[in-house]
Amino acid sequence: MAHSAQDIATFCKKKGFMYASSEIYGGIAGLYDYGHLGTKLKHNFENVWRKYFLSLHDNFFEIEGANIMHENVFKASGHLENFIDPIVDCSKCDFSERADHFIQAKTKNRHEGLSPEQLTKLIEKHNLVCPKCQSKLRPVTVMNMMFPVNLGTGKGNRAYLRPETAQTPFVNFKLQYELQRKKLPLGLAVVGKAYRNEISPRNFVLRQREFTQAELQIFFNPAKLNQHPHFEMVKDYRLRTLLVEDRIKDQVKERSAEELVSKGLPQFYVYHLVKIQQFYFDFLKIPAEKLRFYELDEKERAFYNKFHFDIEIELQEFGFTEAGGLHYRTNHDLQGHEKISKEKMEIFDEESGSKFIPHVLELSFGVDRNVYSLLDLGYDDDKERGNIVLHLSANVTPFFCAVFPLVKNKPEVTIKAEEISSLVKKHFSCFYDEAASVGRRYARADEIGTSVCCTVDFQTLEDNTVTLRSRKTTKQIRVKISELIKTLEKIYTGENLETLGKVVS
Ligand code: GAP
């Protein structure tokens, strides 16, 4: 059954996934806290992301950087000048909003990348007025979205909270390149916080002022843009794309990697589109029809990108929504840092015998948006079961397993169940629960996405077997304790529980 974004937000609060920050003081727009289930889900997503993307190449590594960075970083990157949003505000009341989003909500068309003058004209053309007091709107202006920080007495260097994690690898590039024995491609990933003074934070955790990104910057030789050593292996892989040319019909078209290359996209770029789609399909188990790559045209792209596809996931209420992007940033950032820092970014590449400033391909993911997407896709108000069921893949769900004693007033059973719980905890995330009826405990486990429940009963004491119940199907099988971990491993890697033992109900 269809659910609303409000259903998800209410559910997240009720179960303690995430909720407004500083809530006891009324909260602050655009800031959220993660409770323990949300934290586990978020960390699991981050760890799956790390495991997958860092293993794409032996020369890819994770680094961590300070969230507060020198003002010159943002002079060099262009953020001081260009990281601006258009604002529209009311001539009478306190209404103000991001102008392109405001117009988009009214006209149902995307208006990213238009100048303030163009946006003002659109407001006039569509006779848009203040939604609060119906007064005339002022001409569109711009505002820088970075948060300045006063350090110490405020008399030293000006600094900013980083608006993207990407700048950390750029300012670390030279040192890391030398430490990693001067090899390209070099991948530097950061999973961490980014801060943006969003004019209109909204849609729960989808547009926040402080959020988490997982980004991988791949530094490579630009002469190799049109090749990838493993392209042959993926050339027939079909990607779900919506190119600029598809917008008239607004339909996703499946195209092979080779076909995209024939349309002018570089091999190095398309190879990574494939890897991203495989991440969503094979690791996060997202249904194919829920994902698409949306090509941005020149005026919609961020100021530093030459090729730019958004990774979009279809959400129940918001439709296809950006969860990340694949950005070809050229040498824009390193060149900028060379100019401002006077540190040479040009390298001598021994393999090709040439000198150049490396180019960068950026794989960028909003962690909160991905976490929200997993919740939105997995949320199922199951009327037959009479409870919410959260369908999450085993590698991201907060708890893979739960162990229950069938009854709680029989020490022989509870002691055995605790023993089994300790055993399972050595291998998987697992919790022990003995409160309320076993049916109620199954429902609670379903609600937080627990893949499998293991119940210990009187029969366990006689024949050393336990019941395993699947969240997905509610089917139950009986397995020997000696085979429990092996069976759970099979379920974790995707085998159906029903095929792993005698189905008992
Ligand atoms: N380094 C490139 C970069 O930052 P971006 O498209 O501005 O690109 C990357 O941001 C991702 O970060 C987005 O695709 C989105 O998932 C997430 N993101 C951006 N702004 C956000 C916000 N205000 N709240 C939550 N997530 C956001």
Side-chain angles (χ1 to χ4, degrees), residues 10-17 19 35-41 44 378-392 394 397-492 495-505:
T10 306
F11 169 76
C12 284
K13 169 85 194 292
K14 181 176 158 218
K15 287 285 147 190
F17 278 89
Y19 35 80
H36 95 103
L37 291 176
T39 303
K40 268 178 145 321
L41 174 59
N44 288 347
Y379 184 95
D380 177 12
D381 189 357
D382 189 324
K383 295 293 175 217
E384 223 170 277
R385 292 192 211 185
N387 56 272
I388 308 287
V389 184
L390 200 54
H391 294 287
L392 294 172
T397 195
F399 288 100
F400 169 67
C401 186
V403 175
F404 309 148
L406 184 67
V407 287
K408 72 167 182 185
N409 49 1
K410 294 281 178 225
E412 323 83 278
V413 177
T414 51
I415 288 169
K416 192 75 188 160
E418 277 169 359
E419 251 175 49
I420 291 172
S421 167
S422 305
L423 170 74
V424 176
K425 279 178 187 165
K426 287 188 187 134
H427 301 264
F428 301 99
S429 58
C430 169
F431 68 94
Y432 174 84
D433 188 3
E434 58 178 34
S437 73
V438 78
R440 187 70 213 109
R441 282 178 270 162
Y442 283 147
R444 278 204 301 257
D446 283 350
E447 263 188 316
I448 61 168
T450 313
S451 304
V452 50
C453 293
C454 169
T455 305
V456 174
D457 54 20
F458 292 106
Q459 193 185 329
T460 310
L461 306 177
E462 284 164 23
D463 66 2
N464 273 318
T465 63
V466 288
T467 301
L468 291 184
R469 172 201 181 261
S470 156
R471 176 203 68 223
K472 199 161 38 175
T473 61
T474 74
K475 291 273 184 265
Q476 298 186 14
I477 58 169
R478 201 78 198 173
V479 296
K480 289 192 185 130
I481 297 173
S482 57
E483 288 175 10
L484 177 61
I485 299 303
K486 213 167 65 193
T487 309
L488 289 174
E489 267 160 12
K490 289 182 179 165
I491 297 169
Y492 188 89
E495 286 190 43
N496 280 334
L497 175 139
E498 294 90 311
T499 62
L500 300 171
K502 189 167 179 275
V503 177
V504 287
S505 73

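Quick caveat: nothing in here was measured; it's all calculated off a predicted structure.
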From CA spacing to verdict: side chain to side chain donor-acceptor pair (under 3.5 Å), R471, T450: CA-CA 7 Å; R471 176 203 68 223; T450 313; over 6 Å; no
Do T455 and Y442 have a side chain donor and acceptor closer than 3.5 Å? yes
Are any of the side-chain nitrogens in K472 or D446 under 4.0 Å away from the carboxylate oxygens of its partner? no
Check: A394 main-chain N/O paired with T397 side-chain donor or acceptor under 3.5 Å: no
Are F404 and Y432, when compared by the centres of their aromatic rings, separated by less than 6.0 Å? no
Taking every heavy atom of R441 against every heavy atom of A435, the minimum-distance pair comes out as CG-O, 3.1 Å
Would you name the heavy atoms of K408 and T414 that are closest together and state the gap between them? O-CG2, 3.6 Å
How close do G501 and I477 get, counting heavy atoms only, and between which atoms? O-CG2, 3.6 Å
dist E447:CD -> L37:CG (nearest 0.5 Å) comes out at 10.5 Å
Nearest-0.5 Å distance, OG1 of residue T473 to CG of residue N496: 7.5 Å
Indicate yes or no: at least one non-hydrogen side-chain atom of V424 is less than 4.5 angstrom from one of L488. yes
Reported CG-to-CG distance for the pair L468 and L500, which is rounded to 0.5 angstrom: 9.0 Å
Between Q459 and T465, is any pair of side-chain heavy atoms under 4.5 Å apart? yes
Stepwise, does the side-chain contact (heavy atoms from CB on, under 4.5 Å) test hold for S429 with K40? CA-CA 10 Å; S429 58; K40 268 178 145 321; 4.2 Å; yes
When you look at F431 and V403, which way does the side-chain contact (heavy atoms from CB on, under 4.5 Å) test go after all the steps? CA-CA 6 Å; F431 68 94; V403 175; over 6 Å; no
For a 4.5 angstrom cut-off between non-hydrogen side-chain atoms, does D380 reach I388? no
Which residue in the set S421, C453, S451, C430 passes side chain to side chain contact (heavy atoms under 4.5 Å, CB included) when paired with C401? C430
Atom NZ of K425: over 12 foreign heavy atoms under 6.0 Å: yes
To the nearest 0.5 angstrom, please state how far the CD atom of E483 sits from the CD atom of E489. 12.5 Å
May I have the step-by-step check of side chain to side chain donor-acceptor pair (under 3.5 Å) for E498 and S470, ending in yes or no? CA-CA 8 Å; E498 294 90 311; S470 156; 5.0 Å; no
Using atom types as modelled and distance alone, determine if a side-chain donor or acceptor of T460 lies under 3.5 Å from a backbone N or O of V456. no
Heavy atoms of L406 and V413 approach each other most closely as N-CG1, 4.1 Å
Using the ring of each side chain (for Trp, its six-membered ring), is F428 parallel, tilted or perpendicular to F400, with breaks at 30° and 60°? tilted
Where P405 and E434 come nearest, the two heavy atoms and their spacing: CG-CB, 3.7 Å
Nearest-0.5 Å distance that lies between atom CD1 in I481 and atom CG in D463: 8.5 Å
Are any of the side-chain nitrogens in R478 or D457 under 4.0 Å away from the carboxylate oxygens of its partner? yes
What's the separation between atom CG in N44 and atom CZ in F399, rounded to the nearest 0.5 Å? 9.5 Å
K410 charged N/C atom sitting above F458 aromatic ring, 6.0 Å / 45°: no
Does E419 pair with K416 as a salt bridge, N-O distance under 4.0 Å? yes
So R469 and V452, side-chain contact (heavy atoms from CB on, under 4.5 Å) or not? Walk me through it. CA-CA 6 Å; R469 172 201 181 261; V452 50; 5.9 Å; no
Does V503 reach the side chain of Q476, with side-chain heavy atoms less than 4.5 Å apart? no
